[in-house]
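The structure under discussion appears below in the form of structure tokens.
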Amino acid sequence: MSETMPPEFWQAVEQFNQGEFYACHDTLEALWLEEVDPLRRFYQGILQIAVACYHLSNLNWRGAAILLGEGMNRLRDYQPTYGGIEVTHLLEQSATLLQQLQALGPENVESLRQQLQANQGGEAIALSETQPAPCWPQIVLVAPS
């Protein structure tokens, strides 16, 4: 299905992976508004995860937690792959981030954001020996067969 995805979708994927979450939202929203299901729901799920990351980067714990959950719920039916991306991978990373967000609570959202920024593009620092390092979710493309 990847060959049928519009160029704007791939632009949104690149924006997402570069941490340009608000720009990704804008790009996907333009696609989402013009689409019908099942593609509309797919776009909306990714869009919601992008907005959750944007909220987290702005210390909005509640917005981040709610939209991560909603985006993940919308994408569950698209596993393992859809539209040329590894949906299961995105869901696993988003679930890990949501668990970390919930475990730390709203009072520690600044600490989580600092760790996410420190781990971006560098050597990831784990929260503890039992918890993985916080990392922004990434959209992974399906490997050609």
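All heavy atoms count here, side chains included; hydrogens, waters and symmetry mates do not. We're numbering straight along the sequence, starting at 1.
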Rounded to the nearest 0.5 Å, how far apart are [atom1] of [X] and [atom2] of [Y]?
X	Y	atom1	atom2	result
Gln11	Leu31	CD	CG	9.0 Å
Asp26	Glu20	CG	CD	11.5 Å
Leu68	Gln102	CG	CD	9.0 Å
Cys135	Leu97	SG	CG	9.0 Å
Asp77	Arg41	CG	CZ	6.5 Å
Leu67	Leu56	CG	CG	11.5 Å

Quick one: closest heavy-atom pair of Leu101 and Ala65, and the distance? CD2-N, 3.6 Å
Run the numbers on Thr88 and Gln79 for side chain to side chain donor-acceptor pair (under 3.5 Å), then give the verdict. CA-CA 5 Å; Thr88 300; Gln79 295 183 78; 3.0 Å; yes
Following the transitive rule for hydrophobic clusters with a side-chain heavy-atom cut-off under 4.5 Å over Ile, Leu, Val, Met, Phe, Trp and Tyr, establish whether [X] and [Y] coincide in one cluster.
X	Y	value
Leu98	Ile66	no
Leu33	Leu28	yes
Leu141	Val87	yes
Tyr82	Trp10	yes

Main chain of Pro134, side chain of Asn119: is a donor-acceptor contact present, judged purely on distance under 3.5 Å? yes
Backbone of Leu90 reached by a side-chain donor or acceptor of Gln138 within 3.5 Å: no
Are Trp136 and Phe16 close enough that their ring centers fall under 6.0 Å? no
Determine whether Thr81 and Ile85 satisfy the following criterion, side-chain contact (heavy atoms from CB on, under 4.5 Å), listing intermediate values before the conclusion. CA-CA 6 Å; Thr81 63; Ile85 71 165; over 6 Å; no
Leu39 side chain reached by Met5 side chain, heavy atoms, under 4.5 Å: yes
Check: residues 42-54 side-chain donor-acceptor pairs under 3.5 Å, at least two apart:
residue: Gln44; atom: OE1; partner: Arg74; partner atom: NE; Å: 2.8
residue: Gln48; atom: OE1; partner: Arg74; partner atom: NH1; Å: 2.8
residue: Gln48; atom: NE2; partner: Glu70; partner atom: OE1; Å: 3.2

Any donor-acceptor N or O pair under 3.5 Å, side chains Thr27, Glu8: no
Which atom pairs, donor and acceptor, lie under 3.5 Å between side-chain atoms of residues 104-113 and protein residues at least two apart or in another chain?
residue: Asn108; atom: ND2; partner: Leu104; partner atom: O; Å: 2.9
residue: Glu110; atom: OE1; partner: Arg113; partner atom: NH2; Å: 2.8
residue: Glu110; atom: OE2; partner: Arg113; partner atom: NH2; Å: 3.2
residue: Glu110; atom: OE2; partner: Gln114; partner atom: NE2; Å: 2.7
residue: Ser111; atom: OG; partner: Gln115; partner atom: NE2; Å: 3.4
residue: Arg113; atom: NH1; partner: Ser57; partner atom: O; Å: 2.9

